[in-house]
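See structure below.
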Amino acid sequence: MSDLLSEGSLSLEQQEQLGILRRSSTNLLDLINDILDLAKVESGHIGLEQIRFDLHDVLDKATELMALRAQEKGLEILVSAASDVPISLIGDPNRLRQVIVNLVGNAIKFTERGEVALRVTNDSGASQPGTLHFAVSDTGIGIPSEKLGAIFERFTQADGSTTRLFGGTGLGLAISKQFIELMGGRIWVESSLGKGSVFYFTAHFGIPQFQSAPEASPGIELMGVQTLLVSSNQGSSRLVEEALQSWGASVSVTRDEESALTVLTEVVGCGTLHSLLFLDFGHIDLDRSPNRMKLIKAAKDHGIKVIVFVSDVRSSNIRHAYSLGLDGYVTKPLTKRKLENVIGMATKRRVSVPGHDSPNIPTGPDQNIAILLADDSSDNLFLIQSYLKHSGYQLDTAETGQVAFEMYQARRYDLVLMDVQMPVMDGHTATRMIRAWEKKSNVSPIPIIALTAHAYQEEMQKSLAAGCSDHLTKPIRKNTLLDAIQKWIKQCPQRPQQQINSTLAPSSKA
């Protein structure tokens with residue numbers, strides 16, 4: 001509700017008060033979740049999944065969760081994986097992501113300027129393939145040498161004063177250590193006071209059958225292509241330059257637009273033009289940098305494709321960039337996969353990879369998408385109705401699983417949001433009845449997203465076993481809900497609406 005309130009018109013004093021409320025509630029939720037995780041691990045009531053997953057997807061999602069926090073502090077997050085690291089693995093992606101989020105989040109919390117870097121390599125000391133070595137480094141305050149041995153203990157931080165200065169429960173590293181040990185690895189740290197820290201951990205994963213070597217990306221062929229990179233951040237420049245060179249491109253690097261203009265002028269005089277210009281927007285608005293506008297115009301005048309790096313996908317810079325006819329954008333944190341995808345789209349050398357940055361401006365929701373929300377809590381109904389109020393989706397509501405099932409028979413929906421615990425008929429039962437009816441009626445199954453306060457893995461499995469497509473844990477944040485809806489709507493083509501039984505009408509409309 002505080003997220004919802006923040007979207008309204010508030011005075012400066014009210015905004016400050018709401019900020020305190022949101023931070024306090026988030027801190028309390030983090031504390032409760034940490035204690036529950038620790039209790040589950042120590043009681044032996046937690047196990048690891050053994051499913052096939054894509055390592056790059058885990059790295060991207062984990063660091064994207066931290067991107068906004070890093071952006072607020074003016075920090076760069078750099079992510080890289082060695083070319084010989086297997087992409088397809090078998091293990092628990094959710095616990096791995098949780099460990100990475102914890103370590104990257106800690107690095108951001110204790111770093112005021114500079115960068116946080118995550119690098120993955122094969123563990124050279126391992127006796128079998130599938131053991132990976134992770135390193136999370138920062139340029140932060142560092143840890144005193146006498147405290148290094150205690151930081152992985154429960155409710156412990158390197159300095160008692162940091163709890164008040166930076167916040168935190170002192171549980172994150174203890175929980176991460178437990179998860180890492182469950183994954184057959186270990187965790188350790190190297191640090192110097194005032195010079196930053198590097199947290200290392202190893203973890204063992206299965207390799208899918210018939211995959212003895214890394215499942216390399218198809219890659220992109222840029223042999224002989226001249227590229228110009230403009231970025232004031234050394235870490236980002238290094239990552240992008242290494243990626244471009246690995247694809248065969250020649251790279252010229254400058255730190256500012258003025259130098260880049262000079263380079264362009266010189267090469268035009270020599271008759272050898274660049275094909276691609278990569279421009280890091282940093283934290284400066286596009287219209288506040290005259291040299292940047294001159295550089296973009298010069299590049300477009302000579303037919304050079306321009307790809308920009310932006311800190312926030314919601315940035316007004318993106319729409320401004322496309323109004324100038326630019327050729328793509330990559331959201332930070334930068335990764336090799338994101339770069340490859342956007343370059344491929346801009347140069348028509350490779351088809352876009354679903355789920356990654358695309359050089360097309362995002363469009364709004366389809367006005368014809370119909371969603372059914374089943375929840376017996378008036379507070380939850382009000383919250384989700386408010387979340388979706390300006391989304392463009394059509395929303396009907398039901399207060400029991402029985403009513404939801406009847407409404408689904410009466411009108412074909414594109415997606416169902418199903419609360420698990422409801423009177424008369426619970427969400428799992430209603431989902432099973434919907435799936436049975438779909439099969440009997442020979443209609444394509446639609447996405448059903450379970451909404452529940454239960455965060456245990458076994459509860460998620462119950463939802464999936466009942467026929468749900470996804471499982472969201474309360475408290476549900478607005479962006480989480482909208483992202484899930486968009487994800488499933490994209491995967492399931494919209495069908496024409498049908499009024500199968502006109503005697504059954506929706507109970508309410510939002």
Side-chain angles (χ1 to χ4, degrees), residues 33-34 36-37 40-41 45-67 77 79-82 84-106 118-123 126 128-136 172-173 175-187 199-209 211 214-217 333 335-338 341 353-356 449-450 454-465 468-473 480 483-484 487-488 491:
N33 284 336
D34 283 349
L36 288 174
D37 273 339
K40 286 185 287 185
V41 171
H45 289 162
I46 192 168
L48 297 182
E49 283 190 306
Q50 293 297 315
I51 61 174
R52 185 165 178 162
F53 68 93
D54 185 299
L55 175 63
H56 288 301
D57 283 345
V58 172
L59 298 179
D60 287 352
K61 290 175 182 176
T63 50
E64 283 169 0
L65 286 172
M66 298 289 104
I77 301 180
V79 186
S80 63
D84 60 345
V85 169
I87 295 174
S88 184
L89 300 169
I90 297 175
D92 193 325
N94 293 320
R95 296 306 180 189
L96 175 60
R97 180 165 57 247
Q98 188 173 346
V99 170
I100 293 173
V101 166
N102 185 281
L103 295 179
V104 172
N106 269 357
L118 166 62
R119 179 163 177 77
V120 188
T121 58
N122 285 309
D123 184 4
Q128 52 185 328
T131 302
L132 304 186
H133 181 278
F134 298 78
V136 178
L173 289 176
I175 294 168
S176 296
K177 182 175 182 289
Q178 298 271 17
F179 286 152
I180 289 167
E181 289 175 351
L182 286 174
M183 290 187 282
R186 65 187 185 96
I187 184 171
F199 281 82
Y200 302 96
F201 73 94
T202 59
H204 180 71
F205 303 97
I207 303 294
Q209 193 175 10
Q211 184 192 327
E215 283 186 356
S217 166
T335 66
K336 191 172 181 179
R337 176 177 284 190
K338 288 181 180 180
N341 186 57
V353 177
H356 295 277
I449 301 176
H454 296 297
Y456 288 109
Q457 188 65 39
E458 51 267 31
E459 294 296 334
M460 299 181 188
Q461 293 300 329
K462 287 181 182 178
S463 295
L464 297 177
C468 294
S469 312
D470 207 344
H471 180 107
L472 298 184
T473 304
T480 303
D483 287 348
K487 167 189 170 183
W488 288 104
Q491 293 184 17

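When every heavy atom of P129 is checked against every heavy atom of H204, the shortest pair comes out as O-CE1, 3.3 Å. Between P93 and F53, the closest heavy-atom pair is CB-CG, 3.7 Å. Closest heavy-atom contact between N122 and V85: N-CG2, 3.7 Å.
Shown here are the ring pair (Phe, Tyr, Trp, His ring centres under 6.0 Å) partners of F179, two or more places apart in sequence or in another chain: there are none. Legend: residues meeting salt bridge (charged side-chain N to carboxylate O under 4.0 Å, His left out) with K177, ordered by chain and number and at least two apart, are E181. Residues forming a side chain to side chain contact (heavy atoms under 4.5 Å, CB included) with A465 (at least two apart in sequence, or on another chain): none. For F201, the ring pair (Phe, Tyr, Trp, His ring centres under 6.0 Å) test picks out F134, with sequence neighbours left out. Under the side-chain hydrogen bond (donor to acceptor under 3.5 Å, both in side chains) criterion, D470 pairs with W488, not counting sequence neighbours. Applying the side-chain hydrogen bond (donor to acceptor under 3.5 Å, both in side chains) criterion to T63, with sequence neighbours excluded, gives no partner residue. Qualifying side chain to side chain contact (heavy atoms under 4.5 Å, CB included) partners for A67, counting only residues two or more places apart in sequence or in other chains: P333. Residues passing the salt bridge (charged side-chain N to carboxylate O under 4.0 Å, His left out) test with D483: none are found, sequence neighbours excluded. Partners of T202 according to the side-chain hydrogen bond (donor to acceptor under 3.5 Å, both in side chains) rule, which considers only residues two or more places apart in sequence or in another chain, do not exist here. Taking the side-chain hydrogen bond (donor to acceptor under 3.5 Å, both in side chains) definition, one finds that R186 meets it with nothing, sequence neighbours left out.
Between R52 and S88, some side-chain heavy-atom pair lies under the 4.5 Å cut-off. Using a 4.5 Å heavy-atom threshold, the side chains of R337 and D54 count as touching. Using a 4.5 Å heavy-atom threshold, the side chains of L89 and V58 count as separate. Residues D92 and L182 form no side-chain contact, since every pair of their non-hydrogen atoms from C-beta on lies 4.5 Å or further apart. Inter-residue side-chain proximity for T335 and H56 is flagged as unmet; no heavy-atom pair is nearer than 4.5 Å. A 4.5 Å side-chain heavy-atom check between I90 and P208 finds at least one atom pair inside the cut-off.
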* Quick one: do V136 and N106 satisfy side chain to side chain contact (heavy atoms under 4.5 Å, CB included)? Show the steps, please. => CA-CA 10 Å; V136 178; N106 269 357; over 6 Å; no

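Taking CD of E49 as the start and CE of M460 as the end, the distance is 9.0 Å to the nearest 0.5 Å. For the atom pair NE2 of H471 and CG of L464, the computed distance is 8.0 Å after rounding to the nearest 0.5 Å.
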Expected list for residues 96-105: side-chain donor-acceptor pairs under 3.5 angstrom, two or more places apart:
unit_1 : atom_1 : unit_2 : atom_2 : d
R97    : NH2    : N94    : OD1    : 2.5
Q98    : OE1    : R95    : NH1    : 2.7
Q98    : NE2    : D37    : OD2    : 2.8
N102   : ND2    : G172   : O      : 3.4

